[in-house]
Amino acid sequence: MHEWYEPSLPSGYAPVRVIDVKNKRTALLLNFAALGVMVLFGVLGVILLPLRGFWAAFDFFHYGIFLAALLLYIVLHELLHGLAYFLMTRQRLTFGLTLSAAFCGVPNIYVYRKTALIALLTPFAVFLPIFAAPVFLLQNPFDRFACLCLLAMHLGGCVGDLYDTLLLLLCHRDKTVLMRDTGPAQMIYQMQ
């Protein structure tokens, strides 16, 4: 037995749940939830933040930086999942993109609940203060709005991670729970 994972599924375990973003229903539900979170935080931010002078502050240089930051964020989000998994397991990672999600997984092993929770929450915990602080600290209205959009997209992008986290915290609380994370799908196993 390893501290963070099992190289194969131990006897006595059975699958109890599958979360697969390649499943149309799951993809639609998670993407609608993500869109709802992004819209909610975006609207709240626009209502609560003074954005006077937004158009005067707009320029294509800042807009280009915003678009580059958005693309870089998606890559870094998945790399942080991978870094967390790799530091705990030293196992081969899988990265990819589907029509509904970018992903990172460690498909050839079964990780313990603790490992899964750490890997799921790492990008959320790292990027939340990185995007939230500038929303309140920056003076330029366009930069503030761009960081607000990045924050909203970050929270929306974490919907699948937070969904898996809630399942592990509320429904699968036994520390012996195992998860196989192929990237687009997570299979949860419990001792029977």
Side-chain angles (χ1 to χ4, degrees), residues 17-51 54 58 62-85 95-105 113 115-138 140-173 179 181-188:
R17 188 178 307 263
V18 175
I19 306 102
D20 187 354
V21 296
K22 288 186 177 181
N23 174 289
K24 289 180 185 179
R25 183 174 183 263
T26 302
L28 280 173
L29 288 173
L30 289 176
N31 279 290
F32 277 126
L35 182 62
V37 167
M38 288 187 282
V39 168
L40 175 67
F41 275 87
V43 169
L44 283 174
V46 168
I47 291 170
L48 298 175
L49 288 176
L51 293 174
F54 171 81
F58 175 85
H62 284 95
Y63 184 68
I65 290 174
F66 165 71
L67 289 179
L70 175 59
L71 293 174
L72 182 62
Y73 161 71
I74 294 168
V75 171
L76 291 176
H77 177 110
E78 298 310 323
L79 285 175
L80 280 174
H81 283 306
L83 179 63
Y85 271 138
F95 293 93
L97 187 64
T98 69
L99 289 176
S100 61
F103 64 84
C104 169
R113 179 180 178 270
T115 309
L117 287 169
I118 291 168
L120 286 166
L121 291 173
T122 297
F124 178 78
V126 168
F127 283 110
L128 187 62
I130 289 173
F131 292 143
V135 169
F136 300 103
L137 299 175
L138 291 174
N140 181 303
F142 180 81
D143 293 342
R144 183 183 300 139
F145 182 74
C147 287
L148 173 67
C149 288
L150 288 169
L151 175 63
M153 287 182 221
H154 167 59
L155 295 172
C158 287
V159 161
D161 300 335
L162 295 174
Y163 176 70
D164 286 355
T165 297
L166 286 174
L167 286 174
L168 290 171
L169 290 176
L170 301 176
C171 302
H172 307 288
R173 299 188 328 218
M179 184 174 82
D181 189 349
T182 65
Q186 295 78 43
M187 286 72 66
I188 298 173

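Taking the side-chain contact (heavy atoms from CB on, under 4.5 Å) definition, one finds that Leu121 meets it with Leu162, Thr165, sequence neighbours left out. With sequence neighbours excluded, the residues forming a side-chain contact (heavy atoms from CB on, under 4.5 Å) with Ile130 are Val126, Phe127, listed by chain and number. When the side-chain hydrogen bond (donor to acceptor under 3.5 Å, both in side chains) test is applied to Tyr163, no partner is found at least two apart in sequence or on another chain. With sequence neighbours excluded, the residues satisfying side-chain hydrogen bond (donor to acceptor under 3.5 Å, both in side chains) with His154 are Tyr73. With sequence neighbours left out, the ring-ring contact (aromatic ring centres under 6.0 Å, His included) criterion links His172 to no other residue. With sequence neighbours excluded, no residue forms a side-chain hydrogen bond (donor to acceptor under 3.5 Å, both in side chains) with Thr182.
Closest of all the heavy-atom pairs between Cys147 and Leu138 is SG-CD1, 3.8 Å. When all heavy atoms of Pro134 and Pro129 are compared, the closest pair comes out as CD-O, 4.1 Å. Across all non-hydrogen atoms, the minimal contact from Lys22 to Pro184 is CE-CG, 4.0 Å. The minimum heavy-atom distance linking Cys104 with Glu78 is given by the pair N-OE1, 3.1 Å. Across every non-hydrogen atom of Ala116 and Met179, the tightest pair is CB-CE, 3.5 Å. Between Gly183 and Phe103, the closest heavy-atom pair is CA-CD1, 3.3 Å.
Looking only at side-chain heavy atoms (C-beta outward), Asp20 and Thr26 stay at 4.5 Å or farther from each other. Residues Ile188 and Asp164 are not in side-chain contact: their nearest non-hydrogen atoms beyond the backbone lie 4.5 Å or more apart. Annotation: side chain of Leu155 is in contact with side chain of Phe124 (closest heavy-atom distance under 4.5 Å). In this structure the side chain of Asn31 never reaches within 4.5 angstrom of the side chain of Val159, judged on heavy atoms.
Going from atom CG of Leu28 over to atom NZ of Lys24 covers 9.0 Å, rounded to the nearest 0.5 Å. In this structure, Leu168 CG and Arg173 CZ are separated by 12.0 Å, a value rounded to the nearest 0.5 Å. In this structure, CG in Leu76 is found 6.5 Å from CG in Leu80, a value given to the nearest 0.5 Å. A distance of 9.0 Å separates CG of Leu79 from CG of Leu72, quoted to the nearest 0.5 Å.
Using a 3.5 Å distance cut-off with no hydrogens or angles, the side chains of Asp161 and His81 do pair a donor with an acceptor.
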**Request:** With side chain to side chain contact (heavy atoms under 4.5 Å, CB included) as the test, would you mind laying out the steps for Val21 and Leu30 before giving the verdict?
**Result:** CA-CA 8 Å; Val21 296; Leu30 289 176; 4.0 Å; yes

**Message:** Using side chain to side chain contact (heavy atoms under 4.5 Å, CB included), reason through Leu117 and Leu169 one step at a time and then give a plain yes or no.
**Reply:** CA-CA 9 Å; Leu117 287 169; Leu169 290 176; 3.9 Å; yes

**side chain to side chain contact (heavy atoms under 4.5 Å, CB included) between Leu150 and Phe66, intermediate numbers included** = CA-CA 8 Å; Leu150 288 169; Phe66 165 71; 3.9 Å; yes

**Request:** Before giving the answer on side chain to side chain contact (heavy atoms under 4.5 Å, CB included), spell out for Gln186 and Arg17 the whole-Å C-alpha distance, their side-chain angles and the decisive distance to 0.1 Å.
**Result:** CA-CA 8 Å; Gln186 295 78 43; Arg17 188 178 307 263; over 6 Å; no

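For the pairing with Ile118, the side-chain contact (heavy atoms from CB on, under 4.5 Å) check across Leu120, Thr115, Thr122 returns one residue only, Thr122.
Counting non-hydrogen atoms of other residues, nucleotides and ligands closer than 6.0 Å to CZ of Phe95 gives a total above 12.
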